[in-house]
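Excluded from the calculations below are hydrogen atoms, water molecules and symmetry mates; all remaining heavy atoms, backbone and side chain alike, are included. It should be emphasised that the depicted structure is a prediction, and the values quoted were computed from it without experimental measurement. As the structure lists them, so they are numbered: ligands from 1, and atoms in each ligand from 1.
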Amino acid sequence: MAVYTNISRTDLENLLQGIEQGQLVDFQGIEGGVENTNYFVTLRSDAGLTEEYVLTIFEELSQEEMPYFVELTTWLADRGCPVPFPFKDSDGIALKTVHNRPALLQPRLPGSHVAALTAAHCHQIGTALAEFHQAGRDFYLQRQAHRGVFWWRRESQHIADKLSPDDAALLRNEVALFDQLREQPWHLPQGVIHGDLFFDNALFQGDQLSAILDIYNACNGYLLFDLAIVANDWCVNPDGSIDPVRETALLNAYAAVRPFEENEYLAWPQLVRTAAMRFWLSRLIPALDPDSTQKIKDPSELRRILQYRIDHPAKLP
Ligand SMILES: Nc1ncnc2c1ncn2[C@@H]1O[C@H](COP(=O)(O)OP(=O)(O)O)[C@@H](O)[C@H]1O
Ligand SMILES: N[C@@H](CCOP(=O)(O)O)C(=O)O
């Protein structure tokens, strides 16, 4: 269970002071999640109604990094994206502190995780991601990815001697290929990207997408890289191959909202590889660190996807 910071009832009551959503009834740590601590929180309003909330305690992000996310989630929600945005206290302050960590109270959005992904789910996330990109277009703050190009250049070197020679070479090559892509005069569309829209970061109510969660990798980047992250997770088969039916549904739905630019067709085969490499690396680091306290996700899943993307170059429709 990913609850890294344990809090008491008193901690929570202190944090809730000034946020006029109601009195604390109950709270419970949430299983799942990798990076942050999350609690479901039940509050009773003055009218006697109970409502569910989520308290997120940020384990890696600093207080200084938080205003970007407070502003971004509020901006996106105002423009119709189904993202949770934090409640403010009577002084207009959303960002709280508990056990010296930043914390936010947000609505618990409805829906549940999907067990078996279909083309219909992929169609919906394609539409929602393109709408997310459109909604973020004029957002006024900038953020560089904390696990972006500078990070993977550095970290791929740090772990190289813990890998087999083949894996180290593969990683090095993918890092170099992305550097080459960045040097092309392609002017790929950039903007606010989610950065981690795996299917466990979305909720569905019946067949309808109801929430996009875990916005805390959001940053400025290539919009198509964000779509590549989604394609590699939402359209993958257990053996690491890509299901063309789900991928076509995803890409067509996305393009119906934001049509692809000519140069994006050239960039796509490499960006799906880079996206696989980024998450292979972020899974390798804790898996190879005997002192890591992070929940371990299997790096070989992403290694298989990367290999598939190399062996079967991807194409935009
Ligand atoms: N606002 C929310 N509404 C409903 N469920 C949520 C909300 N925030 C988090 N959750 C639940 O908590 C889980 C873990 O949250 P997540 O943000 O993905 O954590 P982590 O950053 O640690 O990966 C989600 O998969 C979801 O089930
Ligand atoms: N969705 C990721 C987990 C989050 O990645 P992070 O590197 O940003 O913590 C995965 O499944 O690997």
Interfacing atoms of ligand 1 (cut-off 4.0 Å, heavy-atom, Asn201): 18 (O)

Numbering as shown, the atoms of ligand 1 that approach Pro84 to under 4.0 Å (heavy-atom distance): 1 (N)

Donor + acceptor pair across side chains of Arg153, Gln157 (<3.5 Å): no

Identity and separation of the nearest protein heavy atom to atom 8 (N) of ligand 1: Val54 CG1, 3.6 Å

Sub-4.0 Å atoms of ligand 2 with respect to non-hydrogen atoms of Lys297: 10 (C), 11 (O)

Heteroatom proximity flag, Leu109 to ligand 1, N/O under 3.5 Å: yes

Atom indices of ligand 1 within 4.0 angstrom of Arg108 heavy atoms, with elements: 3 (N), 4 (C)

Distance under 6.0 Å and angle within 45° of ring axis: Arg304 vs Trp280: no

Identity and separation of the nearest protein heavy atom to atom 5 (O) of ligand 2: Phe279 CE2, 3.8 Å

Pick from Arg147, Lys295, Gln294: the one approaching atom 9 (O) of ligand 2 most closely through a non-hydrogen atom: Arg147

For atom 1 (N) of ligand 2, closest protein heavy-atom neighbour: Asp196 OD1, 2.6 Å

Atoms of ligand 2 close to Glu35 [distance to a heavy atom under 4.0 angstrom, numbered from 1]: 9 (O)

Ligand 2 contacted by Glu60 (non-hydrogen, < 4.0 Å): no

Aromatic ring proximity, centroids under 6.0 angstrom, Phe199 and His113: no

Side-chain donor-acceptor contact under 3.5 Å, Thr274 with Arg278: no

Atoms of ligand 2 close to Arg278 [distance to a heavy atom under 4.0 angstrom, numbered from 1]: 6 (P), 7 (O), 8 (O)

Distance in Å, Arg172 CZ paired with Leu163 CG, rounded so as to fall on 0.5 Å steps: 10.0 Å

Mutual orientation of the aromatic rings belonging to Phe178 and Phe225 [parallel < 30°, tilted 30-60°, perpendicular > 60°]: tilted

Residues Asp89, Lys96: salt bridge by 4.0 Å N-O rule: yes

Glu13 atom CD, neighbour heavy-atom count above 12 within 6.0 Å: yes

Nearest non-hydrogen partners of Ile305 and Ala276, listed with the distance: CG2-CB, 4.2 Å

Shortest protein heavy-atom distance from atom 6 (C) of ligand 1, along with the residue and atom involved: Leu213 CD1, 3.8 Å

Those atoms of ligand 2 less than 4.0 Å from some heavy atom in Ser282: 7 (O)

Interfacing atoms of ligand 1 (cut-off 4.0 Å, heavy-atom, Glu35): 20 (P), 22 (O), 23 (O)

Any N or O of His113 closer than 3.5 Å to N or O of ligand 1: yes

Ligand-side contact atoms (ligand 1) for residue partner Asp200, heavy atom cut-off under 4.0 Å: 25 (O)

Residue pairs passing the salt bridge (charged side-chain N to carboxylate O under 4.0 Å, His left out) test where at least one lies in residues 129-145, sequence neighbours excluded: Glu65-Arg143

Ligand 1 versus Leu203: contacting region, heavy-atom distance under 4.0 Å: side chain

Over 12 foreign heavy atoms within 6.0 Å of CZ, Arg44: no

Interfacing atoms of ligand 1 (cut-off 4.0 Å, heavy-atom, Pro107): 1 (N), 2 (C), 3 (N)

Residue pair Ser45 / Glu51, side-chain donor-acceptor N/O under 3.5 Å: no

Heavy-atom side-chain proximity of Val149 to Asp179 below 4.5 angstrom: yes

Distance-only N or O hit between ligand 2 and Asp200, under 3.5 Å: no

Val34 neighbourhood, listing ligand 1 atoms whose heavy-atom distance to it stays under 4.0 Å: 20 (P), 22 (O), 23 (O)

Identity and separation of the nearest protein heavy atom to atom 12 (O) of ligand 2: Arg283 NE, 2.8 Å

Option with minimal heavy-atom separation from atom 16 (P) of ligand 1, where the choices are Asp196, Thr73, Asn38: Asn38

Identity and distance of the protein heavy atom lying nearest atom 12 (O) of ligand 1: Ile30 CG2, 3.4 Å

Ring geometry between Phe87 and Phe85 (parallel below 30°, tilted from 30 to 60°, perpendicular above 60°): tilted

